[in-house]
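Worth knowing before you read on, the calculation uses all heavy atoms, side chains too, and leaves out hydrogens, waters and symmetry mates. The sequence lines fix the lettering, A, B, ..., with proteins before strands; numbering per chain opens at 1. This structure is a prediction, so every number in the text was calculated from the model and none was measured.
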Number of protein chains: 2
Amino acid sequence: MIRRFRGESLNKVDAKGRVSVPAAFRRVLEEGDPDFSEGSYPNFVIVYGGVRGNCLEGYTINSITKVDKLISKLPRFSREREILERFINTQSTYMQLDETGRIVLSIRLKEKIGIKDEAIFAGMGEKFQIWEPTNYQNEVDALNTSFENLPEDENPFLKLDQLQD
Amino acid sequence: MIRRFRGESLNKVDAKGRVSVPAAFRRVLEEGDPDFSEGSYPNFVIVYGGVRGNCLEGYTINSITKVDKLISKLPRFSREREILERFINTQSTYMQLDETGRIVLSIRLKEKIGIKDEAIFAGMGEKFQIWEPTNYQNEVDALNTSFENLPEDENPFLKLDQLQD
DNA sequence: TGCCATCTTATGGGATATCATGGAAATTTA
DNA sequence: TAAATTTCCATGATATCCCATAAGATGGCA
């Protein structure tokens, strides 16, 4: 089975910026790190740029490597590549879980998304997101509204099956 | 895992031109220098020519070697090759980290990119860049603008997925 | 099915190491 | 020998490591 990021969790952020990554996510990060072995702690990548930039996004090493490989196919000095490198490499950072399954969010990262002493972890399949709780609620509400306003023929649930191969 | 240059960092440049290279970048430089060994300090290359020339670009020994090989594939006396060699070979220099992880930017290099007493280091995957902070902000803004103005079908993020396989 | 032992998880505190930075001394270069 | 460079030492801030604990989840077993 290929495990994916699922579920959400509200965790405390302490004075040093430490937060527990939900245990279920840790399993996914372990599976997604080719260098992980029993007794070590998985590495992964947090991207903090992104189009809207009000949350952090965590990627396993394997999935970020896929992205990196795609970027590397673009001509070395092209503008396109520059844009992608700027958003995906410049605005990201390696992370490693510690012994107790925590990471530390630096002051910069916390400021970036407005986190104080709590953070929401939200599973998104190949990635997970970290939100400041209020912002998260707003995002969920906004999604609900925009979903309710969609015409029937654009209902993504219905469109899903049409994509079939 | 092949570590790449990720993240950004604002560091002080002192009167002698000394700047700390971000610790995360040092790890990449070490991995990318075939002659590096525990207890020594990695060598790398700084290119100060380049197409737009308002920043410096740092390459690991391994990645500049890759670029050199690409250049070597061009016809020996072609104009193309001449240009690339001028920008990438002539206008570049070897550097070595010192004991405390710093390099010194010569007056020439500082003038080249307008640096006074602060420098931004920006990870770009296979290379990193050094910018004067204001210029960097302008570049980021320009990138954002040019990104926002792209027609949907040229969105580099979406194109990424189309490159798939 | 109810109880206890054990493991895992989320969390906290203190000690230690690393990082970025500054200054002085030693050495080289012009 | 003055200026510039390199080497060496010093320090505050930050990040990392190590140990501790309480609550919940899990599993075995009578």
Original post:
Taking only residues at least two apart or on different chains, which pairs with a member in residues 55-72 of chain B satisfy salt bridge (charged side-chain N to carboxylate O under 4.0 Å, His left out)?
Top reply: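 Salt bridge (charged side-chain N to carboxylate O under 4.0 Å, His left out) check on residues 55-72 of chain B returns B:E57-B:K127, B:K66-B:E126.
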Identify, residue by residue, the members of residues 122-129 of chain B with a heavy atom below 4.0 Å from DNA chain C, and return them in order of residue number, or none.
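Nucleic-acid contacts, sorted: none.
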Would you kindly say whether [X] and [Y] are connected by a side-chain donor-acceptor distance under 3.5 Å?
X: A:R102; Y: A:T100; result: yes
X: B:N11; Y: B:S9; result: yes
X: B:N135; Y: B:E139; result: no

(message) On the side chain of B:K16, is there an atom forming a donor-acceptor pair with the base of D:dT6 - under 3.5 Å, no angle test?
(response)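 It does, because a donor-acceptor pair links the side chain of B:K16 to the base of D:dT6 below 3.5 Å.
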Check your understanding: Does a nitrogen or oxygen in the side chain of B:R26 sit under 4.0 Å from OP1 or OP2 of C:dA20?
Key ->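 Checking C:dA20 against B:R26, a side-chain N or O does come within under 4.0 Å of OP1 or OP2.
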_Between B:R27 and C:dT18, is there a contact of a side-chain N or O with OP1 or OP2 at under 4.0 Å?_
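No, outside the criterion.
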**Report entry** Sugar-phosphate, base or nothing in reach of A:N11, heavy atoms under 4.0 Å
**Finding:**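 Sugar-phosphate, backbone atoms only, no base.
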Quiz item: Contact class for A:V13 vs. all strands (heavy atom < 4.0 Å): base, sugar-phosphate, or nothing?
Solution: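 Here A:V13 touches no strand at all.
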Interatomic distance, B:E8 atom CD to A:R86 atom CZ [nearest 0.5 angstrom]: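 Interatomic distance, B:E8 CD to A:R86 CZ, rounded to 0.5 Å: 8.0 Å.
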Who are the ring pair (Phe, Tyr, Trp, His ring centres under 6.0 Å) partners of A:F25, not counting sequence neighbours?
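Here the qualifying residues are A:F5, A:F128.
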Worksheet item: So which one's nearest nucleotide on DNA chain D is more toward 5', B:V104 or A:Q96?
Response: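 The 5'-side residue here is B:V104.
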